[in-house]
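Each remark here refers to the structure printed beneath this line.
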Number of protein chains: 2
Amino acid sequence: MDERSRRKILDVLRVLSESEKPLGGTRIAHALALAGKDMSQRTIRYYLSLTDTEGLTEQVGRRGRRLTEMGSRELETAYVADKVGFVAARAEALIFGMDYKLRQGRGRVVVNMSTLDRADLPRAKEVMRRVFQAGYSLGERLLIGEPGQRMGNFTPQPNEVVVATVCSVSVNGVALAEGMPMTNRFGGLLLVSEHRPVRFTQIINYDGTTLDPLEIFIKGQMTSVQRAAETGEGVIGASFREIPAPAAEKARRLAARLERSGLGGILLVGRPGQPLLEVPLPPGRVGMVVRGGLNPLAAVEEAGIATSNRAFGQLFPFEQLRSYREVLK
Amino acid sequence: MDERSRRKILDVLRVLSESEKPLGGTRIAHALALAGKDMSQRTIRYYLSLTDTEGLTEQVGRRGRRLTEMGSRELETAYVADKVGFVAARAEALIFGMDYKLRQGRGRVVVNMSTLDRADLPRAKEVMRRVFQAGYSLGERLLIGEPGQRMGNFTPQPNEVVVATVCSVSVNGVALAEGMPMTNRFGGLLLVSEHRPVRFTQIINYDGTTLDPLEIFIKGQMTSVQRAAETGEGVIGASFREIPAPAAEKARRLAARLERSGLGGILLVGRPGQPLLEVPLPPGRVGMVVRGGLNPLAAVEEAGIATSNRAFGQLFPFEQLRSYREVLK
DNA sequence: GCTGGATGCGGCAATATTGCCGTGTTCATT
DNA sequence: AATGAACACGGCAATATTGCCGCATCCAGC
């Protein structure tokens, strides 16, 4: 049984779980078509015969199959490992909750929350400062919360400090407010050479994971943000977005405005119909690349300092964040 | 060779066509992964061996395959039949070009352009009036252009009249202006009973066709809008949209405001996590159903009057459209 | 209770994919 | 020129899908 099939089988079981009555191949195929998934009736029956064997489903006369107890449980646990669209949903909810006004430079944006040991803070500051300075962060603001201070609904433990950095989906929120629908394509690791983006070396689609892709890469020590900041050669976190082609010009202007507002993070905006960094695009769309908000923390982790990161942490008033020049003195 | 494979092969050829250098399985698989398509290297080589046989590709030593002349031509013609995402792109461009202001009730919206024989107009008016009256249209406005009048960049031929109706993607535009990103899921035929939507009987995903789904169904005489308007039982054109779950409440309010502005068309707004009309939704999203803007024309076609329809025709100032009560007197 | 149509089932066989693997080439470097 | 990594190729065999088909049930309506 391969991965792909497993997933398709889960799709089938999911349909069954949403129906009280038993269903057969035809109706299931119908339901899946509505979900945008094509599968022949025969194939569905083929899967069902497999799940029958595994005891996940059972026949009810000729009226169709239904899930067994075991099947329901299987489905629930599988959900955990396969929360398709979960990150995407959370990101969207946060984006929708933003009320940042670009003109006024205030309002809530989406921030990442990271924690690290208080004792490591001085060294971490130094590392992060270099990353901000080299322009590999998202915007130039952040906030460090010491124990006793509250940061949104987050309170540092006694020996911890909390670092809030702007999350890259904040860019989507600003764009949306400007009437520009921006969709997340994937997050990944971006190879940088001479301080210029070259290509993505690893990608994770947003709708297949539970974590923000960058969190995973940070934990896996797969980045080299420090080196990138110092020599211009390295691998940083970044994500790929898409907008409608007619919005491309506006996006370029937006990038400049964001830069001036301390929210700069748009690395590249492509051209209609042209692949961007080798990533192909559907007709009528243009791609863009946005720096990852967690890059400074990735650098910290690279420096051997343990961090714990939570992307898409929460909404936080932008005006309460401070310039890194001030905070990381 | 089945349909599915054909499409996958085209994906592979497309990658080849975008590269000047010959490529082999590994790199092609890489490129496809960036496009969100998974295919094993072996499978790609398998396809390539097939296309080699057909003369669409050829080997270049061990450096990989490249497209032959024939291959390029094949790809171009295939594009015509398989303009994936083409409608979606056009719709998006138009949406982005809208400047309709809900508060003021003016500005450009997306309209469909239909033409019919001038001689049929009186009868067509009667038919359309019933549809508007029964509330199966999108909004309550339209415009009929006689020869000599210009309608946007459209001029009726001597014996024709042009009918402009509001296109359902205008709703997306209004929503976008309110900060609510709405995506088109599919268009299709909606079964109606007792004037209430029951379920979709046919669907066509937007990104697999060149035409607006409803155009196809109208041509195929698959609707029964007249019957729906008169008895409450029938099949009308409608489309399925998706919005982020947190936007659901706002969408409901928007539906009411649109109604008051003569742009009513939102039939249903679902609940988070709940399937809507049996259509399953990803976590964190809610579905909605919007009436098709071409329904009045579908009814005309049903009445045996030939029409020609162009959905997503162009942008047109809403304030220049008139209430059906006035136009279809 | 009878009947037509819709739906369900699974055997069989033809395709379609994909993993495994041994053999060559290409290419950037040393 | 020598070398090793990265790729390319295609045979073979194991899976995964899917079309075709004959037959069993279910269900709504008469």
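So you know, we letter chains A, B, ... as the sequences are listed, proteins then strands, and number each from 1.
At its two ends the helix from C:dG1-D:dC30 to C:dT30-D:dA1 runs along axes set 40° apart, each axis drawn from five pairs and the angle rounded to 10°.
The structure places NZ of A:K21 at 14.0 Å from CZ of A:R66, a figure rounded to the nearest 0.5 Å.
Taking 3.5 Å as the limit, the base of C:dG8 and the side chain of A:R42 contain no donor-acceptor pair of atoms between them.
Using modelled atom types, one finds a donor on one side chain and an acceptor on the other under 3.5 Å when comparing A:S239 with A:R241. Defined by atom type and a distance below 3.5 Å, a donor-acceptor pair is missing between the side-chain atoms of A:T51 and A:R65. Residues B:T68 and B:E58 have side chains that never bring a donor and an acceptor to within less than 3.5 angstrom of each other. Using modelled atom types, one finds a donor on one side chain and an acceptor on the other under 3.5 Å when comparing A:E302 with A:T223. Using a 3.5 Å distance cut-off with no hydrogens or angles, the side chains of A:T57 and A:D52 do pair a donor with an acceptor.
When the side-chain nitrogen and oxygen atoms of B:T43 are compared with OP1 and OP2 of C:dT18, one or more of them lie within a distance under 4.0 Å. Within the structure, a side-chain polar atom (N or O) of B:K8 is placed less than 4.0 Å from OP1 or OP2 of C:dT17. For D:dT17, one of the phosphate oxygens OP1 or OP2 lies less than 4.0 angstrom from a side-chain nitrogen or oxygen of A:Y47.
As a whole-Å value, the separation of A:I44 CD1 from D:dG19 C1' is 14 Å. Whole-Å rounding puts the A:K37 NZ to D:dT18 C1' distance at 20 Å. Between the P atom of C:dT17 and the CZ atom of B:R7 lies a distance of 14 Å, rounded to the nearest Å. Rounded to an integer number of Å, the gap from CG of B:L48 to C1' of C:dT18 is 15 Å. Atom CD1 in A:I9 sits about 12 Å away from atom C1' in D:dT17, given to the nearest Å. Spacing between atom CG of A:L50 and atom P of D:dT15 amounts to 13 Å, rounded to whole angstrom units. Put simply, CZ on A:R66 is 15 Å from C1' on C:dG8, counting in whole angstrom units. In this entry the distance linking CZ of B:R6 with P of C:dT15 reads 16 Å, nearest Å.
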Would you list the protein and nucleotides 28-30 of chain C atom pairs, both N or O, that sit under 3.5 Å from each other?
none

Where do N or O atoms of nucleotides 4-8 of chain D meet protein N or O atoms at under 3.5 Å, pair by pair?
unit_1: D:dA8; atom_1: OP1; unit_2: B:G24; atom_2: N; d: 2.6
unit_1: D:dA8; atom_1: OP1; unit_2: B:R27; atom_2: NE; d: 3.2
unit_1: D:dA8; atom_1: OP2; unit_2: B:T26; atom_2: N; d: 2.9
unit_1: D:dA8; atom_1: OP2; unit_2: B:T26; atom_2: OG1; d: 2.6
unit_1: D:dA8; atom_1: O4'; unit_2: B:R62; atom_2: O; d: 3.0
unit_1: D:dA8; atom_1: N3; unit_2: B:R62; atom_2: NH1; d: 2.8

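For B:A31, the side chain to side chain contact (heavy atoms under 4.5 Å, CB included) criterion is met by B:V15, not counting sequence neighbours. Evaluation of the side-chain hydrogen bond (donor to acceptor under 3.5 Å, both in side chains) rule for B:S40 yields B:T43 as partners, not counting sequence neighbours. Partners of B:H30 under the ring-ring contact (aromatic ring centres under 6.0 Å, His included) rule, at least two apart in sequence or in another chain, do not exist in this structure.
The residue among A:S40 and A:V60 whose nearest nucleotide of DNA chain D lies closer to the 5′ end is A:S40.
Shortest non-hydrogen contact noted between A:N184 and A:A91 is ND2-CB, 4.5 Å. Across all their heavy atoms, B:A29 and B:Q41 have their closest contact at CB-CG, 4.1 Å.
Ring planes of B:F186 and B:F240: parallel class, angle under 30° (limits at 30 and 60°).
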